[in-house]
Amino acid sequence: MSVRVRFAPSPTGYLHIGGARTALYCHLYAKAKGGSFVLRIEDTDLERSKKEYEDAMIEDLKWCGLENHEGPVKGGDYGPYRQSERLDLYKSLAQQLVDEGKAYPCFLTDEELEELTEKAKAEKNSPHHYHDKYRDLDPAEAKKRVEAGETHVIRFKNPRKKYTFTDIVRGEVTFPEDMVGDFVIMRSNGMPVYNFCCVIDDWKMEMTHVMRAEEHLNNTVRQLMIYEAFGVKPPEFAHCSLLVGEDRQKLSKRHGATSVVQYKDQKYLPQALMNYLCLLGWSHPDEKDIFDLDEIAPIFDLSRFTKAPALYDIEKLKHFNGEHMRRLSPDDLLSYLKPTLPSDHPFHTQSEGWQKDCVGFFKEKINIPAELPEHLEVLFSTEPQRGEAVDEVKGWETTAAIQEYIKTEVSKLAESGAEFITVDQFNDWTNHCKKELKIKGKFLFKGMRLALTGMAEGPDLKVVIPLTPMSVMKARHGL
RNA sequence: GCUCCCAUCGUCUAGUCUGGUCUAGGACACCGCCUUUUCACGGCGGUAACAGGGGUUCGAAUCCCCUUGGGAGUACCA
């Protein structure tokens, strides 16, 4: 049987970093096994689900490079792929359980439920302890009340026994019989509940593996009960460790940028995000750390998951972005970095050859695009003298002489129509200052730097000078 | 409260199943040196971990138990 895995988000917000990681693992595993990666939208929570989130979710998944083989947009043989479009199925199956005596209508009101929960807590019992009031109500009586239109939910009749299953990452996991109570499978508004439709869909969509975050581990016992009630063999489960923030709590909005779209907006490279996320809870057999999805898909296996929760560290993500950026071809590098600069940035006025040289040089100094503009200052700032270290250099008597000489030379060159200063010219000027002005050592080089760039420190002058437009040079010297 | 899960450098992790080759390896961050007459990059090096306690064993990061700590769940959310 070929492998079928699914990613089943609920459209109640933008794609989360943790969700993206789960989707990545599903995608990788399907690819490794030549199986199918299915996207299913779990929109049974009417209040919180929004179509715009569903669209955004699909868009973000696409940006991540995690396209599905089957899904709400793409279609497939197991559709529909939106739970809101499968309601009849859940309803009839829930009714089947009621008819078989495996589930029952419950007429508890919100107030009664609250009271019973408080009572259970006060007696140091589990909150669900008294939720089974209608468990043994005569089915005929229950049917009568339902038909009379009385508000009710459908509760699953817990078989009250121990459940054990083998999780691919956790190993053998056992749940005691009082772990959960008679939980709700159909709400009073007629909508099914997650633990119910999840099972129905994984079953009907013939999923072979369910990969999800550890927060769902405890739900598995409910799902196991439902599989059993229908006489269906459950899929394999793999519960991946959680992603946590600085405070070691489950990663959420308050930990900062936790939506994929925020990284897209900040111009991170999707392959870098995926690479980093992949390594949060999974390790490469050869301890390789920089790779593309295509590279690991063939060797991705489920035996290398880490059990402990992983801390999401943006600093390390930046490093990964830098590594991937530096691997880009000159053409790709330019098309990556160019659009990240403001449209009125002087960078855009330069030739394409210049632009390629420029990003080729500055890629060594940055990890993410947001760091580029400040580095470009050395080429474009027209402020004559700036930076913290200039005061010291300005104090040197010899600096004024260099400054004056450079000004004259720049002026001459500009009048000749040159658009840039060549390395040869720069060398000639340096030699002149050395021989004629008798300046040497750091006084010479720092002086030259200050005179030409206006800063006391910065990148290699032999690279910077030929890249600096003459217009900027003139402005720096008040020409 | 109850249940489930987890525990190696500050962080992500290798090693744990199949005890010895681990005076515990790699990566991020940090520090130092070299190089660059600056800064950075790069190269080299460094600081830094088996939570604690008991067993089992000739030998334990690795197997067992307990303690402690952390997390998740306990919904008509998913």
Side-chain angles (χ1 to χ4, degrees), chain A residues 8-12 19 42-45 47-49 106 108 110 113 117 120-129 131 151-155 167 169-171 173-176 178-181 183-195 197-198 212-221 239 241-242 244 246-250 276 279-290 303-304 306-313 315-320 323 326 361-366 375 378 387 389 393 440-446 448-450 453 455-461:
Chain A
S10 64
T12 55
E42 309 221 329
D43 53 354
T44 55
D45 183 343
E47 276 95 78
R48 300 199 301 148
S49 298
C106 166
L108 251 20
D110 288 347
L113 211 46
T117 303
K121 277 191 199 163
E123 292 171 3
K124 296 205 189 286
N125 281 312
S126 297
H128 61 250
H129 194 73
H131 290 186
T151 305
H152 67 282
V153 299
I154 305 290
R155 283 184 188 275
D167 187 273
V169 349
R170 310 278 143 196
V173 179
T174 301
F175 301 103
D178 59 346
M179 172 94 184
V180 295
F183 55 93
V184 172
I185 57 174
M186 294 295 276
R187 298 177 170 95
S188 55
N189 66 1
M191 291 297 280
V193 141
Y194 166 74
N195 279 302
C197 28
C198 177
R212 55 178 35 157
E214 199 195 327
E215 56 192 323
H216 289 289
L217 187 59
N218 288 313
N219 282 325
T220 311
V221 68
H239 289 92
S241 57
L242 246 24
V244 298
E246 296 284 354
D247 56 0
R248 289 271 149 200
Q249 311 255 319
K250 187 163 77 168
Y276 174 61
L279 257 11
L280 244 32
W282 185 84
S283 63
H284 192 286
D286 300 328
E287 292 196 59
K288 203 171 171 207
D289 48 11
I290 305 296
S303 70
R304 300 194 61 83
T306 301
K307 295 177 180 178
L311 193 145
Y312 179 69
D313 176 11
E315 284 310 310
K316 192 155 181 174
L317 168 61
K318 286 181 183 169
H319 169 78
F320 274 72
E323 292 284 353
R326 276 169 229 119
F361 177 66
F362 285 101
K363 73 174 179 184
E364 301 297 341
K365 304 177 186 315
I366 63 171
H375 283 88
V378 72
V393 185
K440 56 184 177 177
K442 68 174 183 178
F443 297 99
L444 205 215
F445 284 84
K446 279 224 175 187
M448 287 295 287
R449 177 177 292 283
L450 182 63
T453 69
M455 294 200 285
E457 47 197 35
D460 189 357
L461 283 178

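Proteins come first, then strands; the chains are lettered A, B, ... in the order of their sequence lines, and each starts at number 1.
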**Message:** Below the 4.0 Å mark, does B/G73 have OP1 or OP2 next to a side-chain nitrogen or oxygen of A/Lys250?
**Reply:** yes

**Asked** If you round to the nearest 0.5 Å, how far is CG of A/Leu279 from CG of A/Leu317?
**Response** 12.0 Å

**Prompt:** What integer distance in Å separates A/Phe361:CZ from B/G42:C1'?
**Reply:** 13 Å

**Asked** What about A/Asn219, does its side chain sit under 3.5 Å from the base of B/A78 through a donor-acceptor pair?
**Response** yes

**For atom CG of A/Leu217 and atom P of B/A72, their distance in whole Å** = 14 Å

**Item:** Nearest-angstrom distance, C1' atom, B/U11 to B/G55
**Value:** 33 Å

**Request:** Between A/Asp178 and A/Glu215, name the one whose nearest nucleotide on RNA chain B is closer to the 5' end.
**Result:** A/Asp178

**Whole angstrom value for the distance that separates C1' of B/A40 from CZ of A/Arg449** = 10 Å

**Message:** Counting only side-chain heavy atoms from C-beta out, which of B/C4, B/U38, B/A75 sits nearest to A/Pro127?
**Reply:** B/A75

**Prompt:** Quick one: is B/U38 close enough that its OP1 or OP2 comes under 4.0 Å of any side-chain N or O from A/Lys446?
**Reply:** no

**Asked** Would you find a donor on one side and an acceptor on the other, under 3.5 Å apart, between the side chain of A/Thr220 and the backbone of A/Leu217?
**Response** yes

**Request:** Using the P atom on both, measure B/G42 against B/A27 and round to a whole Å.
**Result:** 12 Å

**Asked** Below 4.0 angstrom from OP1 or OP2 of B/A14, is there any side-chain N or O of A/Ser283?
**Response** yes

**Message:** Check this for me, if you would: do A/Arg449 and A/Glu457 make a salt bridge, where the nitrogen-to-carboxylate-oxygen distance has to be below 4.0 angstrom?
**Reply:** no

**Message:** Say we look at B/A7 and B/C12: how far apart would their C1' atoms be, to the nearest angstrom?
**Reply:** 15 Å

**Prompt:** Looking only at side chains, do A/Thr117 and A/His131 share a donor and an acceptor under 3.5 Å apart?
**Reply:** yes

**Asked** Say you pick atom P in B/C9 and the same atom in B/A49; how far apart are they, in whole Å?
**Response** 9 Å

**Message:** If you take the centroid of each ring, where Trp contributes its six-membered ring, are A/His216 and A/Tyr194 closer together than 6.0 Å?
**Reply:** yes

**Request:** State the pairing partner of B/U68; accept Watson-Crick or G-U wobble contacts with both distances under 3.5 Å, and report none otherwise.
**Result:** B/A7

**Message:** Distance check, C1' atoms only: B/G32 and B/A24, in whole angstrom units.
**Reply:** 24 Å

**Message:** With rounding to the closest Å, how many angstrom separate the P atoms on B/A75 and B/U13?
**Reply:** 31 Å

**Message:** Given B/U11, B/U13, B/C76, identify the nucleotide with an atom nearest to the side chain of A/Thr306.
**Reply:** B/U13

**Request:** Give a yes/no on whether any side-chain N or O of A/Arg304 is located under 4.0 angstrom from OP1 or OP2 of B/G15.
**Result:** yes

**Request:** Take atom C1' in B/C58 and the same atom in B/C50, then report the distance between them in whole Å.
**Result:** 22 Å

**Request:** May I ask you to say what A/Val153 touches in the nucleic acid, namely base, sugar-phosphate or nothing, with a heavy-atom cut-off under 4.0 Å?
**Result:** base

**Whole-Å distance separating the CG atom of A/Leu311 from the P atom of B/A72** = 13 Å

**Request:** Take the protein atom NE2 of A/His129 and the nucleotide atom P of B/U3, then report the distance between them rounded to whole Å.
**Result:** 14 Å

**Fill in**
Checking N1-N3 plus N6-O4 or O6-N4 for Watson-Crick, or N1-O2 and O6-N3 for wobble, each under 3.5 Å, the partner of B/C58 is B/G20

**Within 45° cone of A/Tyr312 ring axis and under 6.0 Å: A/Lys316 NZ or CZ** = no

**Request:** Give the rounded distance in Å between these two atoms: CG of A/Asn125 and C1' of B/U74.
**Result:** 13 Å

**Prompt:** From B/C76, B/C77, B/A14, pick the nucleotide closest to the side chain of A/Glu287?
**Reply:** B/A14

**Complete:** Atom CD of A/Glu323 and atom C1' of B/C41 are separated, to the nearest Å, by 12 Å

**Asked** Could you give the CE-to-P distance, from A/Met179 to B/G73, as a whole number of Å?
**Response** 11 Å

**Message:** Go nucleotide by nucleotide along RNA chain B from the 5' end; which of A/Arg326 and A/Glu315 gets its closest nucleotide reached first?
**Reply:** A/Glu315

**Request:** Report yes if a side-chain nitrogen or oxygen of A/Arg187 is closer than 4.0 Å to either non-bridging phosphate oxygen (OP1 or OP2) of B/A78; otherwise report no.
**Result:** yes

**Complete:** Output for pair (A/Phe183 CZ, A/Asn195 CG), nearest 0.5 Å, gives 6.0 Å

**Request:** Respond yes when some side-chain nitrogen or oxygen of A/Thr174 is under 4.0 Å from OP1 or OP2 of B/C4, and no when none is.
**Result:** no

**Request:** Assess whether atom CD of A/Glu364 is packed by more than 12 heavy atoms of other residues, nucleotides or ligands within 6.0 Å.
**Result:** yes

**Prompt:** For the side chain of A/Glu457, counting heavy atoms from C-beta on, which of B/U38, B/C12, B/C4 is nearest?
**Reply:** B/U38

**Prompt:** From the list B/C4, B/A78, B/C5, which nucleotide is the closest neighbour of the side chain of A/Arg170?
**Reply:** B/C5

**Asked** What nucleotide among B/C28, B/U13, B/A78 has an atom nearest to a side-chain atom of A/Lys316?
**Response** B/C28

**A/Ser126 side chain, from C-beta outward: closest of B/U11, B/G71, B/G1** = B/G1

**Request:** Between B/C22 and B/A14, how far apart are the C1' atoms? Round to whole Å, please.
**Result:** 11 Å

**Prompt:** Heavy atoms under 4.0 Å, any strand shown: does A/Pro459 hit a base, just sugar-phosphate, or nothing?
**Reply:** base

**Item:** Closest nucleotide among B/C77, B/A72, B/A7 to the A/Asn218 side chain
**Value:** B/A72

**Request:** Report the nucleotide, chosen from B/A78, B/U3, B/A14, that has the shortest atom-to-atom distance to any side-chain atom of A/Tyr194.
**Result:** B/A78

**Request:** Both distances under 3.5 Å, Watson-Crick or G-U wobble: report the partner of B/A75, or none.
**Result:** none

**Complete:** As its Watson-Crick or G-U partner within any shown strand, both distances under 3.5 Å, B/C44 has B/G32

**Asked** When only distance counts, do a donor and an acceptor, one from the side chain of A/Lys307 and one from the base of B/A7, lie under 3.5 Å apart?
**Response** no

**Message:** Counting only side-chain heavy atoms from C-beta out, which of B/G71, B/U74, B/G1 sits nearest to A/Glu214?
**Reply:** B/G71

**Message:** Strictly below 4.0 Å, N to O, side chains only: are A/Arg170 and A/Glu214 in salt-bridge contact?
**Reply:** yes

